[in-house]
Amino acid sequence: MIKTKYLDSIVSRETYNKLNKYSDFLIEYNKKINLISKSSEELIMSRHIEDSAQIMRFIDKNDKKILDIGSGAGFPGIVMELVKKDLGFEFKLELVEKSIRKCTYLQELCDYLKIDVVIHNDDVRKIKKNDFSTLVSRAFKPLDIFLEILEEGGINFEKILLLKGENHKKEMEQALKHWVINCDQHESITKPGSKVFVINSVQRI
Ligand SMILES: C[S@@+](CC[C@H](N)C(=O)[O-])C[C@H]1O[C@@H](n2cnc3c(N)ncnc32)[C@H](O)[C@@H]1O
């Protein structure tokens with residue numbers, strides 16, 4: 001079993017086992033469809049799973065219903081679902097992913113892990129549901145485009161949590177040309193130079 005420091009500090013042995021099952025399932029499925037880069041398979045625990053889990057630092061009891069946008073291989077949503085019990089959360093999680101093949105994978109993964117997660121196979125603009133307290137997303141779209149997509153889809157939120165890579169500064173600068181954004185930026189604990197954006201409100205200029 002591969003262990004990492006942060007995960008070790010927040011999850012039980014049982015949850016660790018489930019995260020390992022997730023990792024094994026994903027690596028096997030990655031032979032069939034492209035879910036993560038082959039080069040990141042070896043580092044899956046730190047690069048993908050721990051990176052996703054750190055978003056839990058910004059979840060609180062008011063986060064009742066969470067939507068993961070562009071889930072792909074299941075990051076961060078599936079990780080959040082697996083670790084939530086250890087951290088005392090009871091939120092409901094839904095995923096939206098436009099690729100049919102990835103949704104088939106996500107459903108098989110949920111069945112395998114015996115977790116109950118709603119999966120929408122759709123473009124997020126068409127989701128026609130608007131009762132999410134919190135939106136989360138990782139490696140989906142640049143911030144400016146992301147906010148435009150939410151606007152087009154008429155998707156409301158109380159909070160948005162985004163895992164952002166090294167381009168975060170440029171992305172924010174670009175987005176600030178079109179939006180007033182109330183955002184706290186936190187250092188990633190897994191990748192120096194990366195950030196977690198906690199967005200509390202946005203308004204188009
Ligand atoms: C680069 S992947 C990131 C996947 C995952 N979040 C991760 O961190 O590995 C982006 C995913 O968003 C999905 N996607 C792109 N546009 C979308 C849209 N408009 N609505 C829903 N899903 C979309 C793609 O099919 C893809 O699986």
Side-chain angles (χ1 to χ4, degrees), residues 4 6-7 19 22-59 66-83 93-110 113 115 117-130 132 134-157 160-168 171 175 188-191 193-197 199:
T4 69
Y6 174 66
L7 280 174
L19 291 170
Y22 173 22
S23 155
D24 292 345
F25 187 93
L26 167 51
I27 290 172
E28 197 52 38
Y29 218 98
N30 209 33
K31 292 177 186 155
K32 286 199 261 181
I33 63 170
N34 188 24
L35 291 160
I36 55 170
S37 68
K38 299 276 179 233
S39 60
S40 72
E41 282 182 358
E42 259 183 51
L43 297 168
I44 189 165
M45 266 297 169
S46 56
R47 178 79 64 83
H48 296 293
I49 294 182
E50 189 170 55
D51 187 46
S52 297
Q54 68 168 317
I55 211 167
M56 297 304 281
R57 292 185 289 156
F58 309 103
I59 294 292
I66 300 180
L67 177 67
D68 179 16
I69 300 177
S71 309
F75 303 124
I78 298 291
V79 177
M80 295 174 73
E81 180 65 24
L82 290 174
V83 306
L93 177 75
E94 302 196 9
L95 312 177
V96 59
E97 169 52 58
K98 74 173 182 186
S99 151
I100 295 179
R101 297 179 84 201
K102 287 182 183 173
C103 282
T104 304
Y105 149 80
L106 286 167
Q107 191 55 63
E108 287 179 25
L109 172 67
C110 289
L113 294 172
I115 50 175
V117 170
V118 176
I119 301 165
H120 302 276
N121 180 201
D122 220 335
D123 184 319
V124 63
R125 295 175 185 86
K126 298 185 186 149
I127 194 161
K128 291 194 176 60
K129 285 189 86 182
N130 218 347
F132 300 102
T134 306
L135 310 176
V136 298
S137 197
R138 175 178 183 262
F140 173 61
K141 300 279 178 197
L143 182 58
D144 196 20
I145 313 275
F146 180 81
L147 296 176
E148 230 172 85
I149 288 174
L150 296 187
E151 187 181 52
E152 281 170 33
I155 300 165
N156 296 329
F157 59 87
I160 307 175
L161 303 176
L162 300 175
L163 292 156
K164 286 288 169 195
E166 284 158 1
N167 276 338
H168 64 85
E171 278 193 35
S188 163
I189 59 164
T190 54
K191 247 193 271 163
S194 296
K195 295 272 183 195
V196 184
F197 284 180
I199 297 178

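Numbering of ligands and ligand atoms starts at 1, following listing order. Heavy-atom basis, side chains included; hydrogens, waters and symmetry copies ignored.
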Review point. Which of the atoms in ligand 1, numbered in the order shown and given with their element, are less than 4.0 Å from a heavy-atom of F75?
Key: 5 (C), 6 (N), 7 (C), 8 (O), 9 (O)
Point to revise | Nearest non-hydrogen protein atom, atom 7 (C) of ligand 1 | key: R138 NH1, 3.5 Å
Point to revise | CA sep, side-chain torsions, deciding dist, call: L19, V83, side chain to side chain contact (heavy atoms under 4.5 Å, CB included) | key: CA-CA 9 Å; L19 291 170; V83 306; 4.3 Å; yes
Point to revise | Heavy-atom check, side chain of T104 versus side chain of I33, under 4.5 Å | key: no
Review point. What part of S71 sits under 4.0 Å from ligand 1 if we count only heavy atoms: the side chain, the backbone, both or neither?
Key: backbone
Review point. Where is the nearest protein heavy atom to atom 22 (N) of ligand 1: which residue, which atom, and how far?
Key: K98 N, 3.2 Å
**Study point:** Distance from atom 14 (N) of ligand 1 to nearest protein heavy atom, with residue and atom
**Key:** F140 CE1, 3.6 Å
Point to revise | Taking atom 2 (S) of ligand 1 as the reference point, the nearest protein heavy atom with its distance | key: A139 O, 3.7 Å
Point to revise | R125 near ligand 1 by a heavy-atom separation under 4.0 Å | key: yes
Point to revise | Whether Q54 side chain and I189 backbone form a donor-acceptor pair below 3.5 Å | key: yes
Review point. Closest non-hydrogen protein atom to atom 20 (N) of ligand 1, residue and atom name please, with distance?
Key: V124 N, 3.0 Å
Exercise for review: Answer side chain, backbone, both or neither: which part of I36 comes under 4.0 Å from ligand 1, heavy atoms only.
Suggested key: neither
Check your understanding: Which atoms of ligand 1 have any heavy atom of K102 under 4.0 Å away?
Key -> 26 (C), 27 (O)
Study note, to complete from the structure: Among non-hydrogen protein atoms, atom 12 (O) of ligand 1 lies closest to G70 CA, 3.3 Å
Exercise for review: Verify, without hydrogens or angle tests, whether E152 (side chain) and R125 (backbone) share a donor-acceptor contact under 3.5 angstrom.
Suggested key: no
Check your understanding: Quick one: does L147's side chain get under 4.5 Å of I160's, heavy atoms only?
Key -> yes
Point to revise | SB check D51 R138 (cutoff 4.0 Å) | key: yes
Practice item. Give the residue, atom name and distance (to 0.1 Å) of the protein heavy atom nearest atom 19 (N) of ligand 1. Key: D123 OD1, 3.1 Å
Check your understanding: Considering only protein heavy atoms, which is closest to atom 24 (C) of ligand 1, and at what distance to one decimal place?
Key -> E97 OE2, 3.5 Å
Review point. Of all the atoms in ligand 1, which lie at a distance below 4.0 Å from a heavy atom belonging to D122?
Key: 20 (N), 21 (C)
**Study point:** Min side-chain heavy-atom separation I78-L113 under 4.5 Å
**Key:** yes
**Study point:** Nearest atoms (heavy-atom pairs only) where Y105 meets A73
**Key:** OH-O, 2.6 Å
Revision key, fill the gap. d(L95 CG, E81 CD) to nearest 0.5 Å is 8.5 Å
